[in-house]
Amino acid sequence: ESGLQYKIIEEGEGEKPVVGDTVRVQYRGKLVSGLAFHNSYSGNRSNEFIVDERFILSGFKEGLLLMPVGSRYELVLPSELAYGENEVPSFYIHSGATIILDVRLLEIL
């Protein structure tokens with residue numbers, strides 16, 4: 001309904017996060033062109049986020065709320081669920097860009 005598209009790569013069996021939870025994830029971000037802009041899978045790193053209304057990408061938040069712990073999803077965020085027409089904090093990503101995220105939800109902290 002929002003425009004978020006997703007593909008389940010691996011379905012976990014854990015709890016799903018709710019707004020306000022802190023989650024630990026690994027993710028790879030790229031543009032439709034294939035240009036990568038983030039990869040925490042490399043070097044087996046992870047990122048922690050609080051899932052709330054201030055979450056930087058609303059489509060990322062929406063996708064995380066669908067995922068049981070242990071899942072890996074590919075999320076396709078149209079620009080309105082990513083950075084929209086706003087100035088983007090990276091020269092790799094242009095305003096209006098569609099973002100593709102490969103996300104693994106490792107745990108809810």
Taking V23's backbone N and O only, do any of them form a donor-acceptor pair with D21's side chain (distance below 3.5 Å, no angle check)?
no

About how many Å separate CD1 of I93 and NZ of K30, when rounded to the nearest 0.5 Å?
13.5 Å

Under 4.5 Å between side-chain heavy atoms, chaining through other members, with only Ile, Leu, Val, Met, Phe, Trp and Tyr counted: pull out the rest of the cluster around I100, sorted by chain and number.
V32, V76

Might you point out which heavy atoms bring P78 and T98 nearest each other, and give the distance in Å?
CA-OG1, 4.0 Å

Partner of Y73 under side-chain hydrogen bond (donor to acceptor under 3.5 Å, both in side chains), picked from R104, K7, E11, is E11

Starting from L64, can I reach I9 by hopping between I/L/V/M/F/W/Y residues whose side chains sit under 4.5 Å apart?
no

Take V18 and I108, measure what side chain to side chain contact (heavy atoms under 4.5 Å, CB included) needs, and give me the verdict at the end.
CA-CA 9 Å; V18 296; I108 300 170; over 6 Å; no

Between K61 and F49, is any pair of side-chain heavy atoms under 4.5 Å apart?
no

Does the side chain to side chain contact (heavy atoms under 4.5 Å, CB included) test come out yes or no for L57 and L81, once each step is laid out?
CA-CA 6 Å; L57 301 177; L81 296 178; over 6 Å; no

Between atom CD of E80 and atom OG of S58, what is the distance when rounded to the nearest 0.5 Å?
8.5 Å

Taking every non-hydrogen atom, the tightest pair across Y41 and V103
OH-C, 3.6 Å

Point-to-point distance, once rounded to the nearest 0.5 Å, from CZ of R45 to CG of N39
7.0 Å

Do we see a donor-acceptor contact under 3.5 Å between the side chains of S71 and E10?
no

Going through the checks in order, is the side chain to side chain contact (heavy atoms under 4.5 Å, CB included) test met by V69 and L106?
CA-CA 6 Å; V69 171; L106 300 170; over 6 Å; no

In terms of side-chain heavy atoms, does Q26 have a donor or acceptor partner in D102 at a distance below 3.5 Å?
no

NZ/NE/NH1/NH2 to OD/OE distance under 4.0 Å, R24 and E107
yes

Could you check if a side-chain atom of P17 sits within less than 4.5 angstrom of a side-chain atom of L105, using non-hydrogen atoms only?
yes

Do S40 side-chain atoms and Y27 backbone N/O form a donor-acceptor pair below 3.5 Å?
yes

Could you check whether any side-chain heavy atom of I99 comes within less than 4.5 Å of a side-chain heavy atom of F60, counting everything from C-beta outward?
no

Here the pair of heavy atoms bringing G14 nearest to P68 is O-CB, 3.2 Å

Polar side chain donor-acceptor pair, E62 to Y6, under 3.5 angstrom
no

Can you get from L109 to V25 by hopping between Ile, Leu, Val, Met, Phe, Trp and Tyr side chains that sit under 4.5 Å apart?
no

Let me confirm one number: the CG-CG distance from L101 to L77, rounded to the nearest 0.5 Å.
5.5 Å

